[in-house]
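Worksheet: the structure to be examined is printed underneath.
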Amino acid sequence: MDIGTIIAGLLTLAILTFLYRDNPIYKFAESLLIGVSIGYTLVIVWSTTLMDILFRPLFDSGQLVLIVPLVLGLLMFSRFHPRTAPLSRIPIAVMIGSGAGVAIPVMLEARTLRQMTATVGPLISDGGFDFSVLVVLVGVLSTLSYFYFSREHEGLFGRVSKIGTYFLMVFFGTTFGYTVMSRMSTFIGRMEFLLTDFLRITK
Amino acid sequence: MRRLQPRHWVFLGLLVVITVAMLLRVPLALRTSPETQRLYDYLNELPEGSVLLISFDHEASSLPEIRPIAEAILRHAFERDHKLIGLALLAEGTVIGYRLMEQVAAEYGRTYGEDYVYLGFKPQFIAAILSMGESIPVTFPVDYLGSPYTSLPLSVDIGSYADVAGVISITDGSLTTHWIEYAGARYNLRVLGGVTAAMVTTYDPYVSSGQMHAMIGGLRGAAEYEQLIRVSGGGLRGMLAQSASHIYILLLVLLGNIIYWREQRKAGKR
């Protein structure tokens with residue numbers, strides 16, 4: 001058995017000890033995970049971002065235009081002193097401005113227009129009446145009515161918004177069910193590692 | 001030693017259920033979902049030698065669930081002789097993606113540089129996705145191993161999304177959404193996904209609206225895919241344990257409700 005498997009097996013067991021109660025072995029494994037994750041991310045970002053995209057092209061290839069992002073990046077550090085803190089608004093403004101400019105058109109297209117198109121599909125198609133289209137239509141309209149707060153939820157409007165809450169509950173239930181499934185899958189994956197690679201009980 | 005509390009018994013019960021189910025190794029027959037079938041059909045019907053982007057957009061913590069999904073997709077792609085360009089938009093997925101591609105490529109005797117390339121990690125995922133739409137060599141001047149992008153036989157002719165058939169984003173979060181919104185909506189790149197079960201409801205509307213072509217969801221999806229490609233992997237091996245754990249949780253929910261109902265009745269009598 002290689003050293004990596006032994007370390008991974010022992011750390012998995014250390015993390016699982018939390019199921020009994022909080023303890024120093026768990027805390028050690030948790031701190032190690034956080035430390036390794038941050039260290040790994042720092043190394044990756046340093047080598048593939050700062051070195052590859054900024055420092056090497058700027059200092060080795062002389063791409064002077066890169067001074068602009070370098071200065072903007074350095075201005076972010078001005079937040080650490082109260083007197084220079086306002087300068088950090090410049091790179092933040094650039095980020096928000098460019099980010100919003102890029103994001104708004106595509107999000108409007110992908111999240112609103114195309115979803116609306118999918119919602120108002122034909123109720124009757126070649127194969128006859130499409131019940132699922134009706135369910136989607138009723139679900140969208142009733143759920144939207146639930147989030148309309150400019151009018152009292154009473155009478156017909158109240159009943160429609162009540163139907164919306166049922167659709168919401170189905171969504172929450174489904175999402176929760178999938179989340180449980182996901183957590184179980186993670187546990188099963190670790191158990192398979194423990195039983196097969198670490199303890200070698202199964203093949 | 002402290003006295004065990006009810007939650008400890010619940011955990012112990014789950015441990016026993018999953019361990020026994022995994023030791024039994026009974027294969028379950030699964031019905032393939034339309035989303036999984038669509039991804040299988042897509043890879044199956046692509047002409048041999050088509051170039052696909054595989055984006056490892058996940059963290060290390062979700063590896064137990066992500067691994068069977070990624071392995072199933074990679075096995076099918078390599079078996080069909082497609083050419084794969086791997087990358088990661090989350091730093092933690094970088095080395096995981098490389099190792100998975102290297103491992104599955106070795107199973108099928110594929111060669112680095114000719115059959116697959118790994119570009120590594122690029123920060124600021126939205127900028128990276130948009131930049132690749134304009135030029136992949138500019139976004140990734142060198143690959144993960146440090147070779148110039150244009151020096152590799154596979155990538156030398158791949159300039160942008162126009163030269164690839166699609167992207168398969170393997171994710172445990174919302175990163176596939178950005179592939180859909182920026183690469184799909186803007187560059188008409190076909191987006192497919194391998195996602196953790198917790199993210200299935202997030203991506204369902206995109207599949208329904210046709211913005212996401214197909215999706216494998218969670219360990220179950222991986223098992224369905226393994227069944228389709230006739231390879232026994234982590235998905236199929238874990239299915240009995242998955243089903244047993246769900247039944248166990250359902251029984252606990254029922255038990256909890258019965259206890260609650262009885263206590264309510266007792267309180268009503270008093």
Side-chain angles (χ1 to χ4, degrees), chain A residues 16 19-21 33 36-37 40-45 47-50 52-53 56-57 98-99 102-103 105-111 113-119 121 132 136 171-172 174-196 201-203, chain B residues 2 4 7-8 11-12 14-15 18-19 21-23 25 59-65 67-68 91-92 94-95 120-124 126-127 130 141-142 172 177 180-182 184-186 196-202 205-206 208-211 217-220 234 237-238 241-242 245-246 249:
Chain A
L16 289 176
L19 295 176
Y20 177 59
R21 65 175 161 143
L33 172 73
V36 169
S37 298
Y40 175 74
T41 305
L42 272 177
V43 169
I44 290 278
V45 169
S47 59
T48 63
T49 309
L50 292 172
D52 283 355
I53 300 177
R56 280 201 196 103
S98 58
V102 168
V106 290
M107 285 172 84
L108 196 68
E109 165 82 13
R111 293 194 188 182
L113 297 177
R114 293 216 189 173
Q115 290 300 329
M116 277 171 67
T117 310
T119 304
S132 61
V136 170
F171 171 74
F172 295 144
T174 312
T175 305
F176 181 66
Y178 269 118
T179 305
V180 170
M181 190 173 162
S182 196
R183 303 297 173 255
M184 286 299 130
S185 304
T186 306
F187 185 51
I188 289 164
R190 285 329 285 166
M191 284 304 294
E192 183 173 5
F193 166 76
L194 286 176
L195 295 173
T196 310
I201 296 172
T202 58
K203 283 184 181 174
Chain B
R2 281 185 186 176
L4 291 180
R7 68 186 179 92
H8 294 129
F11 296 146
L12 272 174
L14 183 65
L15 181 72
I18 286 182
T19 308
M22 296 199 77
L23 292 174
R25 294 270 190 232
E59 293 174 336
S61 57
S62 56
L63 188 61
E65 195 177 358
R67 187 187 195 107
E92 280 189 30
T94 314
V95 75
F121 168 69
K122 196 55 60 182
Q124 289 291 334
I126 293 174
L130 288 171
V142 291
D172 59 358
T177 316
I180 295 166
E181 288 168 356
Y182 294 96
R186 185 159 173 170
T196 52
M199 297 309 295
V200 167
T201 49
T202 303
Y206 290 107
S208 303
S209 65
Q211 295 187 82
L219 199 66
R220 157 94 196 194
R237 283 199 299 272
Q242 181 102 57
S245 67
H246 289 176
I249 289 167

Legend entry - B:Gln124 and A:Thr49: CA distance, side-chain angles, deciding distance, side chain to side chain contact (heavy atoms under 4.5 Å, CB included) verdict: CA-CA 10 Å; B:Gln124 289 291 334; A:Thr49 309; over 6 Å; no
Inset, instruction - Under 4.5 Å heavy-atom distance to chain B, tell me which part of A:Leu195 shows up: side chain, backbone, both or neither. - result: side chain
Legend entry - Minimum side-chain heavy-atom gap A:Ile201-B:Met22 below 4.5 Å: no
Legend entry - Selection from B:Thr196, B:Leu15, B:Thr94 maximising heavy-atom pairs under 4.5 Å formed with chain A: B:Thr94
Inset, instruction - List in chain and number order the residues that pass ring-ring contact (aromatic ring centres under 6.0 Å, His included) with B:His8, two or more places apart in sequence or in another chain; answer none if no residue qualifies. - result: A:Tyr20
Inset, instruction - Would you mind telling me which of B:Leu12, B:Asp172, B:Ile18 has the largest number of heavy-atom pairs within less than 4.5 Å of chain A? - result: B:Ile18
Legend entry - Distance-minimising heavy-atom pair for A:Ala110 and B:Gln211: O-NE2, 2.9 Å
Legend entry - Under 4.5 Å from any heavy atom of chain A - which part of B:Leu63: neither
Inset, instruction - Side chain from CB out, backbone as N, CA, C, O: work out which of these in A:Val102 comes under 4.5 Å of a heavy atom of chain B, or both, or neither. - result: both
Inset, instruction - Measure the spacing between CZ of B:Arg237 and OG1 of A:Thr202 and express it to the nearest 0.5 Å. - result: 8.5 Å
Legend entry - Interface moiety of A:Ser98 toward chain B, non-hydrogen atoms closer than 4.5 Å: neither
Legend entry - Donor-acceptor contact below 3.5 Å, side chain A:Glu109 vs main chain B:Glu181: no
Inset, instruction - Enter the distance from A:Leu16:CG to B:Phe11:CZ here, rounded to the nearest 0.5 Å. - result: 10.5 Å
Inset, instruction - Measure the shortest side-chain to side-chain distance between B:Arg7 and A:Leu19 over non-hydrogen atoms and say whether it is less than 4.5 angstrom. - result: no
Inset, instruction - For each of B:Arg186, B:Arg67, B:His246, tally heavy-atom pairs with chain A at distances under 4.5 Å, and name the one with the top tally. - result: B:His246
Inset, instruction - Could you check if a side-chain atom of B:Tyr206 sits within less than 4.5 angstrom of a side-chain atom of A:Gln115, using non-hydrogen atoms only? - result: yes
Legend entry - From A:Met107 atom CE to B:Ile180 atom CD1, the distance as rounded to the nearest 0.5 Å: 12.0 Å
Legend entry - Choice from B:Thr202, B:Val200, B:Val142 maximising heavy atom contacts with chain A below 4.5 Å: B:Val200
Inset, instruction - Answer with side chain, backbone, both or neither: which region of A:Leu194 has an atom nearer than 4.5 Å to a non-hydrogen atom of chain B? - result: neither
Legend entry - Taking every non-hydrogen atom, the tightest pair across B:Ala91 and A:Tyr40: O-CE2, 3.2 Å
Solution key, residues 184-191 of chain A side-chain donor-acceptor pairs under 3.5 Å, sequence neighbours excluded:
residue  : atom : partner  : partner atom : Å
A:Ser185 : OG   : A:Met181 : O            : 2.7
A:Ser185 : OG   : B:Gln242 : OE1          : 2.9
A:Thr186 : OG1  : A:Ser182 : O            : 3.0
A:Arg190 : NH2  : A:Thr12  : OG1          : 3.1

Inset, instruction - Specify which of B:Pro205, B:Gly238, B:Gly234 makes the most heavy-atom pairs with chain A at under 4.5 Å. - result: B:Pro205
Legend entry - Reported CD-to-OG1 distance for the pair B:Glu59 and A:Thr41, which is rounded to 0.5 angstrom: 8.5 Å
Inset, instruction - Report the option among B:Val95, B:Thr177, B:Ile126 that has the most heavy-atom pairs separated by less than 4.5 Å from atoms of chain A. - result: B:Val95
Legend entry - Nearest-0.5 Å distance that lies between atom OG in B:Ser62 and atom CZ in A:Arg183: 9.5 Å
